[in-house]
Amino acid sequence: MKTNKSNISALMITFNEIKHIEEVISNLSFADEIIVIDSYSTDGTYEQLSKMDNVTVISRQFKNFADQRNYAIEQANCEWIFFIDADERLTQASQLEIVASVKHNNGIDAFKFPRKFMFNDKMMRFSGLQTDQVFRLFKKGVTKYRDDKLVHELLDFKGEFKILKHDMLHYSFSDYDAYKRKTEHYGLLKAQELLKKGTRPNWFHFYFKPAYKFLTNYVFRLGFLDGKEGYTICALNAYGVFYRYKALKNLLASPK
(Lines give C-alpha, C1' and ligand atoms only; values in the text may rest on other atoms or scores of the structure.)
Protein backbone atom coordinates (compact mmCIF):
# COMPACT_ATOMS: atom_id res chain seq x y z
CA MET A 1 0.00 0.00 0.00
CA LYS A 2 1.22 3.51 -0.71
CA THR A 3 2.43 5.78 2.08
CA ASN A 4 -0.66 7.59 3.32
CA LYS A 5 -1.12 10.89 5.08
CA SER A 6 -4.35 9.85 6.81
CA ASN A 7 -4.95 6.25 5.70
CA ILE A 8 -8.58 7.14 4.92
CA SER A 9 -10.66 6.46 1.81
CA ALA A 10 -13.58 8.89 1.57
CA LEU A 11 -16.54 7.25 -0.20
CA MET A 12 -19.81 8.60 -1.52
CA ILE A 13 -22.72 7.36 -3.62
CA THR A 14 -24.57 9.88 -5.79
CA PHE A 15 -27.47 10.48 -8.11
CA ASN A 16 -28.26 13.98 -9.41
CA GLU A 17 -26.39 15.91 -6.72
CA ILE A 18 -24.99 18.72 -8.84
CA LYS A 19 -26.00 21.42 -6.35
CA HIS A 20 -24.09 19.72 -3.54
CA ILE A 21 -21.12 18.08 -5.21
CA GLU A 22 -18.44 20.79 -5.19
CA GLU A 23 -19.03 21.76 -1.56
CA VAL A 24 -19.09 18.22 -0.21
CA ILE A 25 -15.91 17.28 -2.09
CA SER A 26 -14.21 20.34 -0.58
CA ASN A 27 -14.92 18.83 2.87
CA LEU A 28 -12.82 15.74 2.08
CA SER A 29 -9.32 17.15 1.62
CA PHE A 30 -8.12 15.14 4.65
CA ALA A 31 -8.64 11.82 2.81
CA ASP A 32 -5.96 10.04 0.80
CA GLU A 33 -8.48 9.19 -1.89
CA ILE A 34 -12.05 10.15 -2.77
CA ILE A 35 -14.16 7.57 -4.59
CA VAL A 36 -17.69 8.33 -5.81
CA ILE A 37 -20.09 5.72 -7.15
CA ASP A 38 -22.59 7.54 -9.35
CA SER A 39 -25.89 5.98 -10.45
CA TYR A 40 -25.91 7.49 -13.95
CA SER A 41 -26.82 11.03 -12.95
CA THR A 42 -28.56 13.14 -15.58
CA ASP A 43 -27.92 16.61 -14.12
CA GLY A 44 -24.17 16.90 -14.73
CA THR A 45 -23.00 15.34 -11.46
CA TYR A 46 -20.85 12.73 -13.20
CA GLU A 47 -19.34 15.26 -15.60
CA GLN A 48 -18.48 17.65 -12.75
CA LEU A 49 -16.86 14.87 -10.73
CA SER A 50 -14.87 13.75 -13.77
CA LYS A 51 -13.22 17.17 -13.93
CA MET A 52 -11.86 16.84 -10.38
CA ASP A 53 -8.30 15.52 -10.31
CA ASN A 54 -8.61 14.33 -6.71
CA VAL A 55 -11.75 12.22 -7.33
CA THR A 56 -12.25 8.76 -8.82
CA VAL A 57 -15.80 8.48 -10.15
CA ILE A 58 -17.37 5.18 -11.23
CA SER A 59 -20.76 4.78 -12.94
CA ARG A 60 -22.81 1.87 -11.62
CA GLN A 61 -26.51 1.00 -11.77
CA PHE A 62 -28.30 1.56 -8.47
CA LYS A 63 -29.89 -1.52 -6.90
CA ASN A 64 -30.24 -0.38 -3.30
CA PHE A 65 -28.26 1.65 -0.80
CA ALA A 66 -26.61 -1.27 0.98
CA ASP A 67 -25.48 -2.86 -2.28
CA GLN A 68 -24.08 0.43 -3.60
CA ARG A 69 -22.22 1.20 -0.39
CA ASN A 70 -20.73 -2.28 -0.17
CA TYR A 71 -19.50 -1.95 -3.75
CA ALA A 72 -17.88 1.37 -2.86
CA ILE A 73 -16.05 -0.27 0.06
CA GLU A 74 -14.60 -2.86 -2.33
CA GLN A 75 -13.02 -0.06 -4.38
CA ALA A 76 -11.22 1.53 -1.42
CA ASN A 77 -7.44 1.20 -1.08
CA CYS A 78 -6.91 2.61 2.41
CA GLU A 79 -7.16 0.95 5.80
CA TRP A 80 -10.00 3.18 6.98
CA ILE A 81 -13.34 3.99 5.32
CA PHE A 82 -15.23 7.26 5.72
CA PHE A 83 -18.68 7.56 4.14
CA ILE A 84 -20.45 10.84 3.49
CA ASP A 85 -23.65 11.69 1.63
CA ALA A 86 -23.73 14.56 -0.84
CA ASP A 87 -26.12 16.56 1.35
CA GLU A 88 -23.91 16.26 4.44
CA ARG A 89 -21.17 18.61 5.61
CA LEU A 90 -18.25 18.45 7.99
CA THR A 91 -16.98 21.33 10.06
CA GLN A 92 -13.23 21.93 10.23
CA ALA A 93 -13.28 20.58 13.78
CA SER A 94 -15.00 17.40 12.61
CA GLN A 95 -12.43 16.86 9.86
CA LEU A 96 -9.60 17.17 12.36
CA GLU A 97 -11.37 14.81 14.73
CA ILE A 98 -11.70 12.17 12.00
CA VAL A 99 -7.98 12.19 11.27
CA ALA A 100 -7.06 12.16 14.97
CA SER A 101 -9.50 9.31 15.71
CA VAL A 102 -7.95 7.12 13.03
CA LYS A 103 -4.40 7.95 14.07
CA HIS A 104 -5.08 7.31 17.77
CA ASN A 105 -7.88 4.74 17.54
CA ASN A 106 -6.82 2.73 20.62
CA GLY A 107 -8.09 -0.48 19.07
CA ILE A 108 -11.55 0.91 18.23
CA ASP A 109 -12.66 -0.18 14.75
CA ALA A 110 -15.70 2.04 14.18
CA PHE A 111 -16.96 5.52 15.04
CA LYS A 112 -20.41 7.09 15.08
CA PHE A 113 -21.20 10.70 14.26
CA PRO A 114 -23.90 12.77 15.95
CA ARG A 115 -25.84 14.40 13.11
CA LYS A 116 -27.80 17.64 13.02
CA PHE A 117 -30.66 17.99 10.54
CA MET A 118 -30.76 21.32 8.70
CA PHE A 119 -34.02 22.67 7.28
CA ASN A 120 -32.48 25.01 4.72
CA ASP A 121 -30.29 27.04 7.12
CA LYS A 122 -32.22 26.32 10.32
CA MET A 123 -31.01 23.58 12.65
CA MET A 124 -33.79 21.24 13.76
CA ARG A 125 -33.37 20.62 17.47
CA PHE A 126 -36.34 18.30 18.08
CA SER A 127 -38.88 16.49 15.82
CA GLY A 128 -37.38 13.06 16.58
CA LEU A 129 -34.06 14.11 15.09
CA GLN A 130 -32.25 15.11 18.28
CA THR A 131 -30.68 11.70 18.86
CA ASP A 132 -29.62 11.00 15.27
CA GLN A 133 -26.29 9.14 15.13
CA VAL A 134 -24.73 7.29 12.19
CA PHE A 135 -21.77 4.96 11.64
CA ARG A 136 -19.60 6.55 8.96
CA LEU A 137 -15.97 5.85 9.93
CA PHE A 138 -14.67 2.30 10.27
CA LYS A 139 -11.74 0.04 9.49
CA LYS A 140 -11.96 -1.75 6.17
CA GLY A 141 -12.61 -5.47 6.51
CA VAL A 142 -14.30 -5.43 9.91
CA THR A 143 -17.84 -4.87 8.65
CA LYS A 144 -20.16 -4.20 5.73
CA TYR A 145 -23.70 -2.94 5.23
CA ARG A 146 -26.45 -5.47 5.88
CA ASP A 147 -27.94 -6.84 2.67
CA ASP A 148 -31.44 -7.07 4.18
CA LYS A 149 -31.61 -3.32 4.89
CA LEU A 150 -32.24 -1.68 1.54
CA VAL A 151 -32.84 1.79 3.00
CA HIS A 152 -31.61 3.46 6.19
CA GLU A 153 -28.80 1.01 5.72
CA LEU A 154 -27.08 -0.47 8.77
CA LEU A 155 -23.54 -1.64 9.34
CA ASP A 156 -23.31 -5.24 10.47
CA PHE A 157 -20.96 -4.23 13.30
CA LYS A 158 -21.06 -5.62 16.82
CA GLY A 159 -17.66 -4.55 18.17
CA GLU A 160 -16.62 -1.66 20.37
CA PHE A 161 -17.25 1.79 18.91
CA LYS A 162 -16.93 5.42 19.93
CA ILE A 163 -19.25 8.37 19.38
CA LEU A 164 -17.36 11.37 18.06
CA LYS A 165 -17.73 14.78 19.63
CA HIS A 166 -18.34 17.01 16.63
CA ASP A 167 -21.57 17.00 14.62
CA MET A 168 -22.07 16.15 10.98
CA LEU A 169 -24.54 18.57 9.38
CA HIS A 170 -27.32 17.05 7.26
CA TYR A 171 -28.84 19.40 4.66
CA SER A 172 -31.50 16.92 3.60
CA PHE A 173 -34.40 19.37 3.30
CA SER A 174 -34.00 21.79 0.39
CA ASP A 175 -37.68 22.08 -0.54
CA TYR A 176 -40.94 20.29 0.17
CA ASP A 177 -41.28 18.47 -3.15
CA ALA A 178 -37.67 17.23 -3.16
CA TYR A 179 -37.99 15.85 0.36
CA LYS A 180 -41.33 14.24 -0.50
CA ARG A 181 -39.74 12.52 -3.51
CA LYS A 182 -36.90 11.27 -1.32
CA THR A 183 -39.43 10.00 1.24
CA GLU A 184 -41.29 8.10 -1.49
CA HIS A 185 -38.08 6.61 -2.84
CA TYR A 186 -37.12 5.37 0.62
CA GLY A 187 -40.69 4.13 1.12
CA LEU A 188 -40.51 2.00 -2.02
CA LEU A 189 -37.24 0.40 -0.91
CA LYS A 190 -38.69 -0.23 2.54
CA ALA A 191 -41.71 -1.84 0.91
CA GLN A 192 -39.38 -4.22 -0.91
CA GLU A 193 -37.85 -5.16 2.46
CA LEU A 194 -41.30 -5.82 3.91
CA LEU A 195 -42.30 -7.88 0.87
CA LYS A 196 -39.36 -10.20 1.48
CA LYS A 197 -40.43 -10.57 5.11
CA GLY A 198 -43.96 -11.58 4.07
CA THR A 199 -45.68 -8.52 5.57
CA ARG A 200 -49.29 -7.95 4.50
CA PRO A 201 -50.57 -4.40 5.00
CA ASN A 202 -53.86 -3.71 6.77
CA TRP A 203 -55.70 -0.81 8.42
CA PHE A 204 -53.19 -0.80 11.29
CA HIS A 205 -50.32 -0.05 8.89
CA PHE A 206 -52.23 2.55 6.86
CA TYR A 207 -53.78 4.53 9.71
CA PHE A 208 -52.32 3.78 13.14
CA LYS A 209 -48.64 3.64 12.27
CA PRO A 210 -48.48 6.99 10.37
CA ALA A 211 -50.51 8.71 13.11
CA TYR A 212 -48.28 7.22 15.79
CA LYS A 213 -45.18 8.38 13.89
CA PHE A 214 -46.50 11.93 13.69
CA LEU A 215 -47.64 12.14 17.30
CA THR A 216 -44.41 10.66 18.62
CA ASN A 217 -42.18 13.11 16.77
CA TYR A 218 -44.37 16.22 16.88
CA VAL A 219 -45.71 15.91 20.43
CA PHE A 220 -43.63 13.54 22.54
CA ARG A 221 -40.33 14.35 20.85
CA LEU A 222 -41.19 18.06 20.86
CA GLY A 223 -41.38 18.74 17.14
CA PHE A 224 -43.75 21.62 17.81
CA LEU A 225 -40.80 23.51 19.30
CA ASP A 226 -39.19 23.52 15.85
CA GLY A 227 -42.06 25.69 14.58
CA LYS A 228 -43.61 25.28 11.15
CA GLU A 229 -40.49 23.49 9.97
CA GLY A 230 -40.99 20.88 12.68
CA TYR A 231 -44.59 20.33 11.60
CA THR A 232 -43.52 19.91 7.97
CA ILE A 233 -40.79 17.39 8.77
CA CYS A 234 -42.99 15.38 11.14
CA ALA A 235 -45.86 15.32 8.64
CA LEU A 236 -43.63 14.20 5.76
CA ASN A 237 -42.00 11.48 7.86
CA ALA A 238 -45.45 10.20 8.83
CA TYR A 239 -46.42 10.30 5.16
CA GLY A 240 -43.35 8.16 4.45
CA VAL A 241 -44.72 5.45 6.75
CA PHE A 242 -48.06 5.52 4.92
CA TYR A 243 -46.35 5.48 1.54
CA ARG A 244 -44.27 2.38 2.29
CA TYR A 245 -47.42 0.34 2.95
CA LYS A 246 -49.15 1.79 -0.09
CA ALA A 247 -46.12 0.74 -2.14
CA LEU A 248 -46.18 -2.69 -0.50
CA LYS A 249 -49.85 -3.10 -1.42
CA ASN A 250 -49.01 -2.23 -5.02
CA LEU A 251 -46.13 -4.71 -5.08
CA LEU A 252 -48.41 -7.47 -3.80
CA ALA A 253 -50.99 -6.64 -6.46
CA SER A 254 -48.45 -6.64 -9.29
CA PRO A 255 -48.36 -9.66 -11.62
CA LYS A 256 -45.67 -12.12 -10.57
Inset, instruction - Give a yes or no on whether the ring-centroid distance for Phe65 and Phe62 is below 6.0 angstrom. - result: yes
Inset, instruction - Please list all pairs passing the ring pair (Phe, Tyr, Trp, His ring centres under 6.0 Å) test where one or both residues lie in residues 11-41, with sequence neighbours left out. - result: Phe30-Phe82
Legend entry - Donor-acceptor contact present, side-chain Ser41 to main-chain Asn16, <3.5 Å: yes
Legend entry - Heavy-atom check, side chain of Leu252 versus side chain of Pro201, under 4.5 Å: yes
Legend entry - Test: Arg60 cationic atom under 6.0 Å from Tyr71 six-membered ring centre, within 45° of axis: yes
Legend entry - Check: Cys78 main-chain N/O paired with Asn7 side-chain donor or acceptor under 3.5 Å: no
Inset, instruction - Using a strict cut-off of less than 4.0 Å between a Lys/Arg side-chain nitrogen and an Asp/Glu carboxylate oxygen, indicate whether Asp177 and Lys182 qualify as a salt bridge. - result: no
Inset, instruction - Spell out, yes or no, whether Ile233 and Val134 are grouped together once hydrophobic residues are joined by side-chain heavy atoms under 4.5 Å, including indirect joins. - result: no
Legend entry - Test side chain to side chain contact (heavy atoms under 4.5 Å, CB included) applied to Met12 and Val55, Ile21, Ile35, the passing residue: Ile21
Inset, instruction - Treating Ile, Leu, Val, Met, Phe, Trp and Tyr as nodes and any side-chain heavy-atom pair under 4.5 angstrom as an edge, say whether Tyr186 and Leu188 lie in one connected cluster. - result: no
Inset, instruction - Measure across Gln61 and Gln68 and return the closest heavy-atom pair with its distance rounded to 0.1 Å. - result: O-OE1, 3.5 Å
Inset, instruction - Answer whether the closest heavy-atom distance between the side chains of Ser59 and Tyr46 falls below 4.5 Å. - result: yes
Inset, instruction - List the steps, then state whether ring pair (Phe, Tyr, Trp, His ring centres under 6.0 Å) holds for Phe161 with Phe135. - result: CA-CA 9 Å; Phe161 66 89; Phe135 276 117; 5.1 Å; yes
Inset, instruction - Identify the heavy atoms of Glu33 and Asn77 that sit nearest to each other, and give their distance. - result: OE2-N, 2.7 Å
Legend entry - Met124 reachable from Leu236 in the ILVMFWY side-chain graph, under 4.5 Å edges: yes
Inset, instruction - Could you tell me whether the side chains of Thr45 and Glu17 share a donor-acceptor contact shorter than 3.5 Å? - result: no
Inset, instruction - Please confirm whether the backbone N or O of Leu90 pairs with a side-chain atom of Ser94, one donor and one acceptor, at under 3.5 Å? - result: no
Inset, instruction - Please answer: with hydrophobic residues joined when any side-chain heavy atoms are less than 4.5 Å apart, are Ile58 and Ile13 in the same cluster? - result: yes
Inset, instruction - For Tyr231, enumerate each residue passing the ring pair (Phe, Tyr, Trp, His ring centres under 6.0 Å) test, keeping only those at least two apart in sequence or located in another chain. - result: Phe214, Tyr218
Inset, instruction - Find out whether the Lys NZ or Arg CZ of Lys209 is both under 6.0 angstrom from the six-membered ring centre of Phe204 and within 45° of the ring's axis. - result: no
Inset, instruction - Answer yes if the side chains of Ser101 and Lys162 hold a donor-acceptor pair under 3.5 Å, and no otherwise. - result: no
Inset, instruction - Using a 4.5 Å cut-off on heavy atoms from C-beta on, say whether the side chain of Phe242 contacts that of Phe206. - result: yes
Legend entry - Beyond-backbone contact of Asn54 with Ile25, side-chain heavy atoms, under 4.5 angstrom: yes
Inset, instruction - List the atom of Ala191, the atom of Ala247, and the distance in Å for their closest heavy-atom pair. - result: CB-CB, 3.7 Å
Legend entry - Residues Lys190, Glu193: salt bridge by 4.0 Å N-O rule: yes
Legend entry - Exercise: do Ser127 and Asp226 side chains pair donor with acceptor under 3.5 Å: yes
Legend entry - Shortest non-hydrogen contact between Ser6 and Val102, atoms and distance: O-CG1, 3.7 Å
Legend entry - Expected output: side-chain Thr199 to main-chain Leu195 donor-acceptor under 3.5 Å: no
Inset, instruction - Kindly compute the distance separating NZ (Lys51) from CD (Glu22), expressed to the nearest 0.5 Å. - result: 9.0 Å
Inset, instruction - Could you tell me whether a side-chain N or O of Asn70 sits under 3.5 Å from a main-chain N or O of Ala66, the two making a donor and an acceptor? - result: yes
Inset, instruction - Considering non-hydrogen atoms only, spot the tightest contact between Ala76 and Ile81 and give its length. - result: CB-CD1, 3.4 Å
Inset, instruction - Would you indicate whether the side-chain heavy atoms of Asn105 and Trp80 approach each other to under 4.5 Å? - result: yes
Legend entry - Any side-chain heavy-atom pair of Tyr243 and Thr183 under 4.5 Å: no
Inset, instruction - Answer yes or no: are there more than 12 heavy-atom neighbours, outside Lys246 itself, under 6.0 Å from its atom NZ? - result: no
Legend entry - Rounded distance [0.5 Å steps], CG in Leu169 versus CG in Asp87: 11.0 Å
Inset, instruction - State plainly whether one hydrophobic cluster holds both Tyr212 and Val219, where clusters connect Ile, Leu, Val, Met, Phe, Trp and Tyr through side-chain heavy atoms under 4.5 angstrom apart. - result: no
Legend entry - Minimum heavy-atom distance between Leu164 and Pro114, given as atom pair plus value: O-CD, 3.3 Å
Inset, instruction - Would you indicate whether the side-chain heavy atoms of Phe117 and Phe173 approach each other to under 4.5 Å? - result: yes
Legend entry - N/O donor-acceptor pair under 3.5 Å between Glu97 side chain and Lys165 backbone: yes
Inset, instruction - Would you give the length of the straight line joining atom CD of Gln48 to atom OG1 of Thr14, rounded to the nearest 0.5 angstrom? - result: 12.0 Å
Inset, instruction - Would you check if Phe113 and Ile163 make a side-chain contact, meaning some heavy-atom pair closer than 4.5 Å? - result: no
Legend entry - Between CE on residue Met123 and NZ on residue Lys116, distance to nearest 0.5 Å: 6.5 Å
Inset, instruction - Kindly state each residue pair satisfying side-chain hydrogen bond (donor to acceptor under 3.5 Å, both in side chains) with at least one member in residues 129-145, sequence neighbours excluded. - result: Asp85-Arg136, Glu88-Arg136, Arg115-Asp132, Thr131-Arg221
